[in-house]
Amino acid sequence: MNIKNSKGQTIVEAMVSMSIALVGLLGVLSLTSRSMAFNNDMSQKFVSSYLAAEGIEIVKNLIDTNIVRSINWDSGINNVGPYEYEVDTSGIRGQFLSTNLKLNNGKYEYSIGVGTITPYMRKVIITKINTDSKPADYEEIKVESVVLWKSRGSDMTVNVIDVFKRWR
């Protein structure tokens, strides 16, 4: 082997190997970045599905409370809405005002001035269904709990629907 002809060969080999390593490293970084974005999206979807289910449970709790108090099963549950519901003594906050839920000590709520603002808005739509001939005697209540939020510039929605029947 002639030493005079191999002097620049080491530099070329080093540049090629560094280029290959750099392409591999960029691929790993790109995969990590996409994985983190996907993880964040899935986390938001889990939280929103639990918040939507909680909206249904709040209405169920109101119905159960009415039964325990021996009053009409749909008392205090109006056929108007949508509403902003949260877990408290009454359950009903009022009409839907596009207010973001706040996270306060691990609890999502609409507290004024307390907690960290989250991207989530929850509205609960109640429809009373009369299957009987008596106009004031509702047999079913359809509850739709919708959680809305923005994720990476897109509007996201989770919808949960349940129907409660007067059976007691």
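The closest side-chain donor-acceptor pair between S151 and D41 falls under 3.5 angstrom.
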Should I141 and I126 be marked as a side-chain contact (heavy atoms from CB on, under 4.5 Å) after you check the CA-CA gap, both sets of side-chain angles, and the distance that decides it?
-> CA-CA 7 Å; I141 296 175; I126 297 172; 3.6 Å; yes

Verify side-chain contact (heavy atoms from CB on, under 4.5 Å) between W149 and K45, making sure each step is shown before the conclusion.
-> CA-CA 10 Å; W149 78 101; K45 286 178 183 178; 4.1 Å; yes

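Residues Y50 and V147 form no side-chain contact, since every pair of their non-hydrogen atoms from C-beta on lies 4.5 Å or further apart. In this structure the side chain of V124 reaches within 4.5 angstrom of the side chain of V143, judged on heavy atoms. Taking 4.5 Å as the limit, every side-chain heavy atom of W73 sits out of range of all side-chain heavy atoms of K165. The shortest distance between side-chain heavy atoms of V47 and Y108 falls below 4.5 Å. Counting heavy atoms from C-beta on, the side chains of K123 and L148 come closer than 4.5 Å.
Among residues at least two apart or in separate chains, there is no side-chain hydrogen bond (donor to acceptor under 3.5 Å, both in side chains) pair with a member in residues 15-35.
Annotation: the span from K142 atom NZ to I129 atom CD1 amounts to 6.5 Å, rounded to 0.5 Å. Atoms CG and CD1, from L101 and I117 in turn, are 11.0 Å apart once rounded to the nearest 0.5 Å. Note that OG1 of T127 is 11.5 Å distant from CD of E140, once rounded to the nearest 0.5 Å. Taken to the nearest 0.5 Å, the NZ atom of K150 stands 8.0 Å off from the CE atom of M121. With values rounded to the nearest 0.5 angstrom, I67 atom CD1 is found 12.0 Å from L62 atom CG.
Closest approach of S145 to L51, counting heavy atoms only: OG-O, 4.2 Å. Among all heavy-atom pairs drawn from G55 and R122, the shortest one is N-NH1, 3.8 Å. Of all heavy-atom pairs between I56 and F164, the closest is CG2-CZ, 3.9 Å. Residues N104 and G115 come closest through the heavy atom pair CB-CA, 4.1 Å. Of all heavy-atom pairs spanning A53 and V160, the tightest one is N-CG2, 4.3 Å.
In terms of modelled atom types and a separation under 3.5 Å, the side chain of S43 and the main chain of N39 share no donor-acceptor contact. With hydrogens and angles ignored, the 3.5 Å screen pairs a side-chain donor or acceptor of N100 with a backbone N or O of T118.
With respect to D64 and K60, a salt bridge is recorded, a charged nitrogen being found less than 4.0 Å from a carboxylate O.
When the shell of 6.0 Å around CG of L26 is examined, it contains more than 12 heavy atoms from other residues, nucleotides or ligands. A 6.0 Å sphere centred on CE of M42 holds more than 12 heavy atoms belonging to other residues, nucleotides or ligands.
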